[in-house]
**Student:** 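Sharing a structure here in structure tokens format.
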2 protein chains.
Amino acid sequence: MTSITRRRRSKGPDTRAAVEDAITDAMTRLLTSGHTFTSVSVEDLAKESGIARSTFYMHFRDKGELVRRLMKRVTQELVGATNVWFEHEHPEQRVVLHQALKSISQVYIKYQAIMLAVSETSAYDPDVAAMFKETMMHLMANMRAVLKGGQKAGWANADASPEVADALTWMVERCCLQLLTVQKPAQRERMIEALTHVMSRALYA
Amino acid sequence: MTSITRRRRSKGPDTRAAVEDAITDAMTRLLTSGHTFTSVSVEDLAKESGIARSTFYMHFRDKGELVRRLMKRVTQELVGATNVWFEHEHPEQRVVLHQALKSISQVYIKYQAIMLAVSETSAYDPDVAAMFKETMMHLMANMRAVLKGGQKAGWANADASPEVADALTWMVERCCLQLLTVQKPAQRERMIEALTHVMSRALYA
DNA sequence: CAACTATCGGACACTGTGTCCAGTCATAAT
DNA sequence: ATTATGACTGGACACAGTGTCCGATAGTTG
């Protein structure tokens with residue numbers, strides 16, 4: 001399949017990717033400049049991308065697919081950030097947890113336009129919602145695993161149920177989103193510290 | 001103002017309220033039967049309410065205003081539920097906290113159609129978002145006050161910052177929403193217990 | 001009975017969506 | 001150099017939904 005798709009008949013070396021980058025870049029630009037994802041029409045997007053409206057539909061089924069693809073890019077990086085903690089040899093150290101939460105928040109900040117678009121869209125687009133849910137499930141599973149491992153190793157609180165891991169995961173997600181509405185780095189740091197506090201208290205024995 | 005509005009010229013004793021109840025009831029019915037708020041058009045709603053589409057606009061500026069009014073009803077009850085804890089003489093008792101969280105979750109369950117509609121709409125409707133934010137601000141302020149009071153009284157963890165209160169508030173909100181997708185009472189109880197665990201650990205000295 | 005007014009029901013202009021297709025044009029194959 | 005290819009254009013289309021407006025209808029009140 002790939003080779004067929006990539007046989008670059010006509011046009012430049014990698015037109016397909018180039019156009020799609022132009023579109024995703026345009027969307028990111030529009031979101032960054034204050035527009036809501038919902039408020040950006042396909043026509044707006046086409047204009048900003050410098051393409052015809054119908055061309056958009058040659059690359060994406062609808063606006064939802066655009067978000068889904070943007071999300072895919074971010075998800076990997078987000079999971080990577082969580083692994084700072086999940087796969088660390090010493091997850092029982094508070095500094096490690098704090099650093100992981102900082103990394104996670106940095107992913108949110110780096111891709112804030114996308115993160116906000118995802119949380120906006122997943123509220124009403126079933127496909128985006130499913131994808132978002134899947135990511136959350138993945139993170140919750142990891143969190144549960146760390147907790148279980150910690151309980152075996154003795155550093156984690158034996159009273160903490162798997163549902164505690166779920167609750168903490170949701171908390172981190174929501175708070176990172178809230179973090180984006182805050183500008184001052186000092187305030188952001190305070191919020192990360194608060195997350196560290198709640199998590200370490202809930203999990204550590 | 002009220003007396004002017006209530007001068008019931010024409011039609012039954014309280015036609016205005018009656019029609020609006022018919023509309024809100026119809027929306028609740030449609031949401032409960034599986035429709036998304038976004039997927040319900042004003043025409044659908046009018047049909048279900050047994051009124052003309054144009055009549056809807058005599059009572060509500062748009063669908064957003066309908067949500068806002070539904071939300072208003074619930075907010076009071078929700079705040080009431082939180083006061084089980086906020087205004088209790090002994091907020092340091094774990095059972096009191098647990099009971100408060102149970103009350104909160106029960107409000108979410110009772111009005112689940114509305115809660116889901118609000119969280120769906122506030123993602124893209126600025127007015128609904130503002131209203132939702134206001135409620136959250138209110139709850140966070142209360143949570144901060146309890147924490148501060150507890151620190152003075154000595155039962156609360158001195159290390160817990162005001163941001164900890166904020167994080168916990170967001171956690172409870174998100175988790176109660178998630179609670180609605182769970183059917184089994186036992187699982188719901190486990191989730192409430194998890195919230196109790198995290199909160200008591202984070203706050204109590 | 002007459003005045004009032006909420007509701008009806010249909011028309012209107014508008015915005016946005018997703019599909020389709022004939023025409024253009026740069027490129028790759030011959 | 002010529003031709004075939006296929007991505008892109010740009011405009012038209014049908015469709016769904018929104019919010020406004022208005023004449024007609026019908027029930028209530030004085």
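Just the heavy atoms: all of them, side chains too, but no hydrogens, waters or symmetry mates, feed the values below. Chain letters run A, B, ... following the sequence lines, proteins first, then strands; residues in each count from 1.
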**Student:** Consider the side chain of B:Met58, meaning its heavy atoms from C-beta on, and name the nucleotide among C:dT7, C:dC8, D:dT18 that approaches it most closely.
**Tutor:**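 It is C:dT7.
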**Student:** In this structure, how many angstroms lie between the P atom of D:dT18 and the CG atom of B:Asp44, rounded?
**Tutor:** 8 Å
**Student:** C:dG9 P sits how many Å from B:Glu43 CD, rounded?
**Tutor:**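 Computing the B:Glu43:CD to C:dG9:P distance gives 12 Å.
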**Student:** Under 4.0 Å between a side-chain N or O of B:Ser54 and OP1 or OP2 of C:dG9?
**Tutor:** no
**Student:** Write down the distance between OH (B:Tyr57) and C1' (C:dC12), rounded to a whole number of angstrom.
**Tutor:** 14 Å
**Student:** Expressed in angstrom and rounded to an integer, what is the separation of A:Asp62 atom CG from C:dG18 atom P?
**Tutor:** 5 Å
**Student:** Quickly work out the B:Ile51 CD1 to D:dT25 P distance and round it to whole Å.
**Tutor:**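 From B:Ile51 CD1 to D:dT25 P: 21 Å.
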**Student:** Flag the pair B:Lys72 / B:Met131 as yes when at least one side-chain heavy-atom distance between them is below 4.5 Å, and no otherwise.
**Tutor:**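 Sidechains of B:Met131 and B:Lys72: in contact.
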**Student:** Between C:dT17, C:dT7, D:dT18, which nucleotide gets closest to the side-chain atoms of B:Arg53?
**Tutor:** D:dT18
**Student:** Using whole Å, what does the distance between atom P of nucleotide D:dT18 and atom CD of B:Glu65 come to?
**Tutor:**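 Rounded to whole Å, this separation is 15 Å.
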**Student:** Evaluate the ring planes of B:Tyr124 and A:Tyr124, with Trp represented by its six-membered ring, and classify them as parallel (under 30°), tilted (30 to 60°) or perpendicular (over 60°).
**Tutor:** perpendicular
**Student:** Taking the side chain as everything from C-beta on, heavy atoms only, tell me whether B:Leu179 gets closer than 4.5 Å to B:Tyr108.
**Tutor:** no
**Student:** May I ask you to say whether A:Asp127 pairs ionically with A:Arg61, meaning some side-chain N is under 4.0 Å from a carboxylate O?
**Tutor:**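 The answer is yes: the pair qualifies as a salt bridge.
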**Student:** Looking at every strand, decide which applies to B:Gly50 at a 4.0 Å heavy-atom threshold: base, sugar-phosphate, or nothing.
**Tutor:** sugar-phosphate
**Student:** Output the single nucleotide from D:dG10, D:dG19, D:dG17 whose closest atom is nearest the side chain of B:Ser41.
**Tutor:** D:dG17
**Student:** Atom CZ of A:Arg16 to atom P of C:dT27: distance rounded to whole Å?
**Tutor:** 18 Å
**Student:** Any chance the side chains of A:Ser41 and A:Asp44 put a donor and an acceptor closer than 3.5 Å?
**Tutor:** yes
**Student:** Phosphate oxygens OP1/OP2 of C:dT7: is one of them under 4.0 Å from a side-chain N or O of B:His59?
**Tutor:**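 Checking B:His59 against C:dT7: at least one side-chain N or O falls below 4.0 Å of OP1 or OP2.
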**Student:** Starting at atom CZ of B:Phe56, determine the distance to atom P of C:dC8, rounded to an integer number of angstrom.
**Tutor:**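 To the nearest whole Å, that distance equals 14 Å.
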